[in-house]
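Okay, so here's the structure we're looking at.
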Protein chains: 2
Amino acid sequence: MANVAKFNREDVIRKAMLLFWEKGFNGASTRDLQQAIDMRPGSIYAAFGSKEKLYSEALECYSKEMSDILMRHIAEQRSPLAGLERFFQNVVVDQRDSNPSEVCMLVKTLSEVNEQHPDLLQLSRELLKRTEDRFTDILQLALKQGELAGHPDPRMIAKQLQVQMIGLRIYMKTSGNMASVSELIAGLFKSISTRSDLN
Amino acid sequence: MANVAKFNREDVIRKAMLLFWEKGFNGASTRDLQQAIDMRPGSIYAAFGSKEKLYSEALECYSKEMSDILMRHIAEQRSPLAGLERFFQNVVVDQRDSNPSEVCMLVKTLSEVNEQHPDLLQLSRELLKRTEDRFTDILQLALKQGELAGHPDPRMIAKQLQVQMIGLRIYMKTSGNMASVSELIAGLFKSISTRSDLN
DNA sequence: TTATATTTTGAGCAATTGCTCAAAATTAAA
DNA sequence: TTTAATTTTGAGCAATTGCTCAAAATATAA
């Protein structure tokens, strides 16, 4: 008898995620939401409790999708570092028009939300931390394969990549200059790689 | 006749800036604003026209203050690059608690605002571009003084610094780890400098 | 002073906000 | 079927939003 709900929960959360990503937490009204996910207020609040809780689920959905994209690139590319670089190019440059916003949704949340919604702050922090940890794992792999130049510390390079990913996406929105940004990404990976044939 | 206004315009704009920086465009209500600048709605709208226009003036105020801080550090330090590094450390790490938000106000605007407020989007883009140009000028100076390692292109390094400044401030808010972020900044400047005694 | 121009005030409007809840519709169990 | 449990609906509430405007207060000019 459990879960006789008519609506597809995952589907609804994803649609909510796309709206929140585009308009932000304050910018997306509950009416916008109702239209986007095609549900009436009563059902929404019965299923999710509050706008904030639905936003939380949307954040996790976003984070999982980004993680899947990262892992797909790692699997498809010939090496961990090449996979990371393709991931950067893909997210920052290629997807720029097809996404609801050029800015990372976790960053948007962190930037918009204050102490009135501590759960959202904490969650976006945690999800960003998870991304950094994933970067670290991949760089550890790259280290083992001798891909990292200099005296490499995977945990420190992961931090650098995190800073770059955040900065590059916003810079992309600022400048709109795809060529420059591609060049910045290429330069970044050249600087941490032993290989000289990158790009 | 002209300008018999009682209130101090600059003072009011600065107070509005601090509020908007903290709460964002949507997050700061007109009542919050009235309280923060101690003016009644009629006066506010007579003097500034709309919430959006006041926000514009607040953005310019923010940008000017940041620019002043940058130039002060350049003047106080022994070299352009040392001044830039002190500016980064100061803004990203030292000021982290005293500011209304850890995130750059221009970035917050760019991240929150959409096409419903095209003027704000364009203005924050322009002000960010101005910062990049200022970085370029300083790096040009550093180049002349032989401070830049490798085959330096000031315009490209300025873009890198812009990306880093944006990313680092948000990363600071994410991690709260001042030591790591300081290390990241030190590493960044070490990588573009010819000197080995940085920090 | 008196008259005129300017500025400030704040009650309050129309629209929008997040959300509730009784009633209707639908489903599952007997 | 009938009955009971569950889900969906949408009118609408109380609070808040950005903003207006006539009236009051204040400043300047004559």
Side-chain angles (χ1 to χ4, degrees), chain A residues 1-13 15-59 109 112-121 123, chain B residues 1-13 15-59 109 112-121 123:
Chain A
M1 233 192 246
N3 196 19
V4 251
K6 267 304 166 41
F7 67 90
N8 181 337
R9 201 163 215 276
E10 281 189 14
D11 222 61
V12 160
I13 290 173
K15 280 175 183 163
M17 179 273 276
L18 293 174
L19 179 76
F20 277 133
W21 188 5
E22 183 192 346
K23 302 203 167 192
F25 181 76
N26 290 318
S29 74
T30 49
R31 318 281 176 193
D32 294 336
L33 217 37
Q34 290 162 32
Q35 198 186 2
I37 69 182
D38 191 29
M39 285 175 74
R40 263 36 66 195
S43 302
I44 297 176
Y45 284 85
F48 300 103
S50 68
K51 187 187 180 187
E52 182 176 357
K53 281 181 186 161
L54 176 51
Y55 192 94
S56 284
E57 302 213 39
L59 266 186
T109 308
E112 176 183 11
V113 160
N114 55 27
E115 304 73 34
Q116 283 180 355
H117 301 277
D119 294 355
L120 295 184
L121 268 185
L123 180 59
Chain B
M1 319 168 116
N3 196 19
V4 249
K6 268 303 166 40
F7 67 90
N8 181 337
R9 202 164 215 275
E10 281 188 15
D11 221 60
V12 161
I13 290 173
K15 280 175 183 161
M17 180 271 277
L18 293 173
L19 179 77
F20 278 133
W21 188 6
E22 182 192 346
K23 303 202 167 192
F25 181 75
N26 291 318
S29 73
T30 49
R31 314 290 179 201
D32 294 336
L33 216 36
Q34 289 163 34
Q35 199 185 1
I37 70 183
D38 190 29
M39 285 175 76
R40 263 38 65 195
S43 302
I44 298 176
Y45 284 84
F48 301 104
S50 70
K51 188 186 180 188
E52 182 176 356
K53 281 181 187 160
L54 176 50
Y55 193 94
S56 284
E57 302 213 37
L59 267 186
T109 308
E112 176 183 10
V113 160
N114 55 28
E115 304 74 33
Q116 283 180 356
H117 301 279
D119 294 355
L120 296 184
L121 269 185
L123 180 58

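Just so it is clear, the structure is predicted and the values come from calculations on it, not from any experiment. In what follows, chains are A, B, ... by sequence order, proteins preceding strands, each numbered from 1.
Side-chain atoms of Glu112(B) and Asn26(B) form a donor-acceptor pair, as typed in the model, at a separation below 3.5 Å.
Atom C1' of nucleotide dG18(C) and atom CZ of Phe20(A) are separated by 11 Å, given to the nearest angstrom. As rounded to whole Å, 17 Å separates atom P of dT16(C) from atom CG of Leu33(A). Atoms CZ (Phe48(B)) and C1' (dT20(D)) sit 18 Å apart, rounded to a whole Å. Distance, Lys51(A) NZ to dT20(C) P: 14 Å, rounded to whole Å. When rounded to the nearest whole Å, the span between CZ of Arg9(B) and P of dT7(C) equals 12 Å. Distance Ile44(B) CD1 to dA11(C) C1': 15 Å, rounded to the nearest Å. The CG atom of Leu54(A) sits 12 Å away from the P atom of dG18(C) (whole-angstrom rounding).
Ranking dC19(D), dT8(C), dC19(C) by closeness to the Pro41(A) side chain, first place goes to dC19(C). Side chain of Arg40(A), nearest nucleotide from dG10(D), dT8(D), dC19(D): dG10(D). In the set dT20(D), dG18(C), dT9(C), dT20(D) carries the atom at the smallest distance from any side-chain atom of Tyr45(B). Out of dT9(D), dG18(C), dC19(D), the shortest distance to the side chain of Ser50(B) is found at dC19(D).
The only member of Lys15(B), Arg9(B), Glu10(B) that meets side chain to side chain contact (heavy atoms under 4.5 Å, CB included) when paired with Ile13(B) is Arg9(B). Phe20(B) pairs in a side chain to side chain contact (heavy atoms under 4.5 Å, CB included) with only one of the listed residues (Asp32(B), Leu59(B), Leu54(B), Thr109(B)), which is Leu54(B).
Applying the 3.5 Å distance criterion, the base of dG12(C) shares a donor-acceptor pair with the side chain of Arg31(B).
Each of Asn26(A) and Gly42(A) was matched to the nucleotide of DNA chain C holding its nearest heavy atom; the match closer to the 5' end belongs to Asn26(A).
Residue contacts for Ala47(B): at a heavy-atom cut-off of 4.0 Å it reaches no nucleic acid atom on any strand shown.
Residue Ser29(A) places at least one side-chain N or O under 4.0 Å from the OP1 or OP2 atom of dT17(C).
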